[in-house]
Novice: 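Attaching a single structure in structure tokens format; questions to follow.
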Amino acid sequence: MPMEPRLLKGFRDYLPEQMIARQSVINAIRNVYERYGFVPLDTPALEYTETLAGRAVYGTEGSGQIYTFQDRDNEWVSLRYDLTVPLSRVIALYKELPRPFRRYQVGPVWRVDKPGPGRYREFVQFDLDTVGCPDMLADAEILSAIHDVLLQLGLSRFRVRFSSRKVLNALIAFAGIDACRSHDVFRILDKLDRIGQKGIAEEMKGGRLDVSGDFIPGLGLSDSQVVRLLEFLNLPQPSRAIALDGLSQLFAGVANAGEGLDELSAIHEYLTALNIGDDQVAIDVSLARGLEYYTGPIFEAILLDAPEFGSIFGGGRYDGLVERFLGEKVPATGASIGVDRLLAAILKLGALELRPSTATVLVTVMDPQWRVEYQKITRELRQAGINTELYLGKEKGVGKQLQYANRQRIPIAVLLGADEAAQGIVSIKDLRVGSKAQAELKDRSTWLQARPGQFTVPRPQVVEAVRSILSG
RNA sequence: GCUGGGGUAGCUCAACAGGCUAGAGCACCUGACUGUGGAUCAGGGGGUUAUGGGUUCAAGUCCCUUCCCCAGUACCA
């Protein structure tokens, strides 16, 4: 008995249809990033566990989600959890790298997590980071790049949000909360979208019952502390400038609050100079983010027409991460696009069409007698830069081959049989014409006679004819 | 991970209260119709009812195990 073909939970095969769409998204992102002058980097899937599992890297939850095992040499190794920590390792290992080091990296990362819609244990991230620049100019450039990426992908209805961990630290001081609880507070603040202010207030205090009746334990903060948190959350933020005003008034008496505000206002100024508006890249004080290593600005983006996919982009400044390996403090900032989520959202929004084939032309094999001629035509088209497939299935008649082209969404078919050969011509068929017409057709003989979208050209003009179809 | 719900063909679902050989639509394959996609017509392949055990004369149906899926939670891209 053959064994059952099984897929590991939370893992996926990327079938050609998905891969074609995914690669086009990745190429679009890469083009934008190279336009900004970032350089490519790749690192191994496996790292020493100690590289990833240091204190205060991913937080307690994050560390528990790292795939870890012993290899044949009894070394403890782990699958990378993100691309940021490997980058900081690279910075420390290759001291000859230029500073600032501005790199992009795309590849899978692994997290032991409960799989769900749009959430997997292996997923692809596309990262963009600048290492060695303390100025907010670097952060603004990250935001500007994601802004350009989304526009490039045909997604204009998005909202990029940013804030700063330093602002949140000021909030902790402002509310009189013990600094050691700050990460718990951030985690709950981050849920604003889902549970609302009422839910946040409950969870900050005694806890709350969720929709399923499950009890979520609270932090046990006092009423007055929660009032201050809500005051912060209710700051009006119709624009970056107004949000900044509100923050500086609210935190007027808080020591060290100035640092975070300076960061946000610097980013605001840079964005304004780049002509990036409040509606596209906004300050959002409720933004918190889960990872422990952020030290300054933090970023996130959602698609307004596909909010159910969650954030498709997230990141921030992590000035302490490289220090773990180097001892020397190296400023760094960057962000990550969740390629799978972004792709799922794009497909749902219809901004990209799934195609099972990369071919534009199918050269059919009508009669094995002309095989060499089919090969020659195929080669001519390929040399002209046109993606062309020679039909390699069983030669069972042209009907099957056109059906194949139709199902593969290959728009153009080339046909050559005895009739054409006798006249030195080739038949070329634009299948898209028939696809449009076929809804109205009922009777087969009319359909056969019509031969929609089909015409003949002299044999030497095949490439030219295909080109003219493609150019519309 | 936790709580709850679920699992019948590739997909969507059916099968009175435990009772004949587990069915249908779609999809797929073969054929007919000029050397041509669609429609139509004729035929065909597909199932250990997720899994292992138990109760019973009899289990898709009832009980338990494991696995997987879904919703919420936690976390995050």
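The shown structure was predicted, so the numbers you read here are calculated from the model rather than taken from an experiment. Numbers restart at 1 for each chain; the letters A, B, ... are given by sequence-line order, proteins then strands.
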Novice: Taking atom C1' in both B/rG60 and B/rA15, what distance in whole Å separates the two?
Specialist: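 It works out to 9 Å between them.
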
Novice: In whole Å, I'd like the distance from the CD atom of A/E420 to the P atom of B/rU36.
Specialist: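 In whole Å, B/rU36 P and A/E420 CD are 12 Å from each other.
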
Novice: Kindly state whether the ring of A/Y391 and the ring of A/Y404 have centres lying under 6.0 angstrom apart.
Specialist: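 Yes.
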
Novice: Examine A/R102 relative to A/Y36 and say whether NZ or CZ is less than 6.0 Å from the centre of the six-membered ring and inside a 45° cone about the ring axis.
Specialist: no

Novice: Quick check: any donor-acceptor pair below 3.5 Å linking the side-chain of A/S435 to the base of B/rG37?
Specialist: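 Such a pair is found, so the answer is yes.
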
Novice: Please enumerate all residues that pass side-chain contact (heavy atoms from CB on, under 4.5 Å) together with A/S24, with sequence neighbours excluded.
Specialist: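 Result, side-chain contact (heavy atoms from CB on, under 4.5 Å) vs A/S24: A/L352.
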
Novice: Mind checking A/Q449 for me? I need base, sugar-phosphate or nothing, with any heavy atom below 4.0 Å counting as a touch.
Specialist: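 It contacts base atoms.
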
Novice: Mapping A/G434 and A/F313 onto RNA chain B by nearest heavy atom, which one lands closer to the 5' end?
Specialist: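 Nearer the 5' end of the strand: A/G434.
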
Novice: Where the side chain of A/R111 is defined as all heavy atoms beyond and including C-beta, which of B/rU34, B/rC76, B/rG35 is the nearest nucleotide?
Specialist: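 For the A/R111 side chain, the nearest candidate turns out to be B/rC76.
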
Novice: With a 4.0 Å cutoff (strictly under), does any side-chain N or O of A/R444 reach OP1 or OP2 of B/rU36?
Specialist: no

Novice: Which pairs count as side chain to side chain donor-acceptor pair (under 3.5 Å) when at least one residue sits in residues 354-372 of chain A, sequence neighbours excluded?
Specialist: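 Qualifying pairs: A/R371-A/E395.
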
Novice: Give one of base, sugar-phosphate or nothing for A/S427, where a contact means two heavy atoms less than 4.0 Å apart.
Specialist: nothing

Novice: Under the ring-ring contact (aromatic ring centres under 6.0 Å, His included) rule, what do A/F162 and A/F299 come out as? Steps first, then yes or no, please.
Specialist: CA-CA 4 Å; A/F162 69 99; A/F299 328 119; 7.4 Å; no

Novice: Regarding A/S78 and A/E47, is there a side-chain donor-to-acceptor distance under 3.5 Å anywhere?
Specialist: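 Distance-only check fails for A/S78 and A/E47.
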
Novice: I'd like to check the side-chain contact (heavy atoms from CB on, under 4.5 Å) partners of A/P331; sequence neighbours left out, ordered by chain and number.
Specialist: A/P134, A/R317, A/D319

Novice: Please work out if A/S311 contacts a base, only the sugar-phosphate, or nothing of the nucleic acid, heavy-atom cut-off 4.0 Å.
Specialist: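 Sugar-phosphate, no base atom in range.
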
Novice: Under 3.5 Å, is there a donor-acceptor pair linking the side chains of A/Y318 and A/D129?
Specialist: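 Yes, because at least one side-chain N or O of A/Y318 sits under 3.5 Å from a partner of the opposite role on A/D129.
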
Novice: How many Å lie between CD1 on A/I337 and P on B/rA77, as a whole number?
Specialist: 13 Å

Novice: With 3.5 Å as the limit, what N/O pairs link the protein to nucleotides 29-32 of chain B?
Specialist:
{"from": "B/rC29", "atom 1": "OP1", "to": "A/R407", "atom 2": "NH1", "distance (Å)": "3.3"}
{"from": "B/rC29", "atom 1": "OP2", "to": "A/R407", "atom 2": "NH1", "distance (Å)": "3.4"}
{"from": "B/rU30", "atom 1": "OP1", "to": "A/K396", "atom 2": "NZ", "distance (Å)": "3.0"}

Novice: Check whether any side-chain N or O of A/W447 sits under 4.0 Å from OP1 or OP2 of B/rG37, and answer yes or no.
Specialist: yes

Novice: Dot-bracket, RNA chain B: Watson-Crick or G-U, under 3.5 angstrom, [ ] crossing, | other strand?
Specialist: (((((((..((((.....[...)))).(((((.......))))).....(.(((..]....))).))))))))....

Novice: Please figure out whether A/S445 or A/I312 has its closest RNA chain B nucleotide nearer the 5' end.
Specialist: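 Residue closer to the 5' terminus by nearest nucleotide: A/S445.
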
Novice: For nucleotides B/rU12 and B/rU21, find the distance between their P atoms and express it as a whole number of Å.
Specialist: 28 Å

Novice: Tell me, which pairs form a side chain to side chain donor-acceptor pair (under 3.5 Å) where one or both residues lie in residues 417-427 of chain A, sequence neighbours left out?
Specialist: A/E420-A/S427

